[in-house]
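Since the structure comes first, as structure tokens, the remarks are kept for the end.
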Amino acid sequence: MSFSQTTKAELCRAPVSRRSSAQAEAYGVLLYGNLFSAEGIRIVTESVALSRRLPVLFRKAFQLSFDIIPPEDAEGKRMFAVTDREKIGLIFRTFGAEPEQTLAHSINFGVLEEAPCRTAFLRGAFLAGGSVTDPRKRYHLELVTAHYNVGRSILPLFAEAGFYPKNITRKANYVTYFKQSQSIEEFLTLIGAPLAAMEIMNAQAERNLLGSINRKVNCDAANLDKTVDAAQAQIEAIHKLRQRAQLSNLPEKLRQTAALRLENPELALSQLAELCDPPVTKSALNHRLRKLVELARDKSAT
């Protein structure tokens with residue numbers, strides 16, 4: 001089951017108790033479903049959880065049943081439909097409209113005055129026309145409706161809840177979407193899917209941890225490259241001094257440092273400093289090695 005379907009299954013576990021909230025959720029389902037017109041109502045879903053919730057929701061909201069329901073063992077897309085004109089009229093009038101007089105749907109905010117009803121409406125909209133991407137791939141949540149005015153008028157509803165999604169047109173549909181993980185988390189928590197929101201938070205934490213590890217690995221690799229390059233330059237300098245017969249004339253401390261570097265080409269400065277007799281600081285050893293490199297570059301000393 002996809003992350004989107006898992007999220008919808010979680011949302012469908014919310015009880016259908018208050019009639020006003022049931023009507024608001026059904027309103028969201030209708031406006032973000034497949035067909036809501038005088039000719040009929042049609043809702044198509046692949047969600048098993050939503051297909052079980054819809055009959056309960058419409059019975060609570062309108063005291064009616066669907067005229068067409070999918071068989072119990074249906075797989076894939078499941079269609080629910082209302083074809084009876086009296087039932088259609090009752091549903092329209094619940095939301096302050098008449099079937100034959102409604103040319104274009106918009107959201108009637110008068111039936112969404114209470115905060116629980118606004119939340120239920122958004123839940124219904126997501127259940128019917130929403131999807132959310134697996135957060136381990138990317139962050140994207142969207143609601144899709146075929147009604148232009150609904151796509152525009154849902155923005156103030158979001159703003160009232162503290163959300164500011166974006167809108168685009170995709171073919172003949174109107175899409176409201178989020179791409180920020182925090183906004184998606186908070187929206188899913190609001191409409192009743194805190195477990196899905198927690199998965200997004202966990203995915204974000206894992207991504208941040210992996211990013212931190214990768215940065216450290218890259219930094220360590222870069223430092224290792226610098227250490228190797230520096231050691232190679234030091235070894236080449238020591239070989240030059242030996243070829244010029246200058247090495248044996250150097251002070252004891254420089255001769256000891258040169259011998260340690262030749263014997264331990266892979267060691268970092270701090271490790272090499274501990275091998276000195278007596279041990280010296282990293283800074284002191286670095287100073288000696290720089291002196292060897294400078295002497296090797298000084299051709300006048302030959």
Please assess Tyr32 against Leu127 for the test side-chain contact (heavy atoms from CB on, under 4.5 Å), listing each intermediate value before the final yes or no. CA-CA 9 Å; Tyr32 279 80; Leu127 285 170; over 6 Å; no

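- For Gln101, the side-chain contact (heavy atoms from CB on, under 4.5 Å) partners are Glu98, not counting sequence neighbours.
- In this structure, Lys166 is not positioned above the aromatic face of Phe178 in the sense of NZ or CZ being under 6.0 Å from the six-membered ring centre and within 45° of the axis.
- Taking all atoms of both residues into account, the shortest heavy-atom contact from His147 to Leu31 is CD2-O, 3.2 Å.
- Although no hydrogens or angles enter the test, the distance criterion places no donor-acceptor pair under 3.5 Å between the side chain of Glu25 and the main chain of Ala22.
- Closest approach of Ala237 and Leu292 over heavy atoms only: CB-O, 4.0 Å.
- When hydrophobic clusters are built by joining Ile, Leu, Val, Met, Phe, Trp and Tyr residues whose side-chain heavy atoms come closer than 4.5 Å, directly or via intermediates, Leu260 is not grouped with Val293.
- Using a 4.5 Å cut-off on side-chain heavy atoms (C-beta onward), Arg53 and Ser47 make no contact.
- Listed for the Asn286 side chain is no donor-acceptor partner under 3.5 Å among the backbone atoms of Lys282.
- Between atom CD1 of residue Ile238 and atom OG1 of residue Thr257 there is a gap of 8.5 Å, rounded to the nearest 0.5 Å.
- Of the possible donor and acceptor atoms, none in the side chain of Thr189 sits under 3.5 Å from a partner among the backbone N and O of Pro194.
- Counting heavy atoms from C-beta on, the side chains of Thr169 and Tyr148 never come closer than 4.5 Å.
- Interatomic distance, CG of Leu90 versus CZ of Arg85, reported as 15.0 Å (0.5 Å rounding).
- Formation of a donor-acceptor pair under 3.5 Å by the Thr102 side chain with backbone atoms of Ala104 is not found in this model.
- Rounded to the nearest 0.5 Å, atoms CG (Leu295) and CG (Leu250) are 6.0 Å apart.
- Considering only heavy atoms from C-beta on, Gln204 stays 4.5 Å or farther from Arg136 through its side chain.
- In this structure a side-chain-to-backbone donor-acceptor pair under 3.5 Å is present from Thr119 to Ala115.
- Atoms CZ and CG, from Arg123 and Leu57 in turn, are 9.0 Å apart once rounded to the nearest 0.5 Å.
- For Glu252 and Arg255, the salt-bridge test passes: some basic side-chain N is under 4.0 Å from an acidic carboxylate O.
- Within the 4.5 Å cutoff, side-chain heavy atoms of Ile43 are placed close to those of Val29.
- Side-chain contact between Arg118 and Leu157 is present, with heavy atoms from C-beta onward closer than 4.5 Å.
- Side-chain atoms of Gln256 and Arg261 include no donor-acceptor pair closer than 3.5 Å.
- With a 4.5 Å cut-off on side-chain heavy atoms, Cys12 and Arg52 do not count as touching.
- To the nearest 0.5 Å, the span separating CG on Leu262 from NE2 on His239 amounts to 5.5 Å.
- Looking only at distances, a side-chain donor or acceptor of Arg19 sits under 3.5 Å from a matching main-chain atom of Ala61.
- Residues Glu186 and Gln182 have side chains that bring a donor and an acceptor to within less than 3.5 angstrom of each other.
- Aromatic pair Phe158/Tyr164: ring centres not closer than 6.0 Å.
- A donor-acceptor pair is defined here as one N or O able to donate and one able to accept, closer than 3.5 Å; such a pair exists between the side chain of Asp67 and the backbone of Asp84.
- A donor-acceptor contact shorter than 3.5 Å is absent between the side chain of Arg78 and the backbone of Pro70.
- The two residues Ala9 and Ala49 come nearest to each other via the heavy atoms CA-CB, 3.6 Å.
- Using modelled atom types, no side-chain atom of Asn264 and backbone atom of Leu272 make a donor-acceptor pair closer than 3.5 Å.
- Without hydrogens or angle criteria, Lys179 side chain to His140 main chain gives no donor-acceptor distance under 3.5 Å.
- For the pair Ile68/Met79, a side-chain contact is recorded, criterion being any heavy-atom separation below 4.5 Å from C-beta on.
- Considering all non-hydrogen atoms of both residues, Gly130 and Ser4 come closest at O-OG, 4.3 Å.
- Two residues are said to be in side-chain contact when any heavy atoms from C-beta on lie closer than 4.5 Å; Pro165 and Tyr177 fail this criterion.
- In terms of hydrophobic clustering, with Ile, Leu, Val, Met, Phe, Trp and Tyr side chains grouped at heavy-atom distances under 4.5 Å, Ile69 and Ile91 are assigned to a common cluster.
- How far CZ of Phe187 is from CG of Leu122: 5.0 Å, rounded to the nearest 0.5 Å.
- Residue His105 forms a ring pair (Phe, Tyr, Trp, His ring centres under 6.0 Å) with just one option from Tyr174, Phe36, Tyr27, and that option is Phe36.
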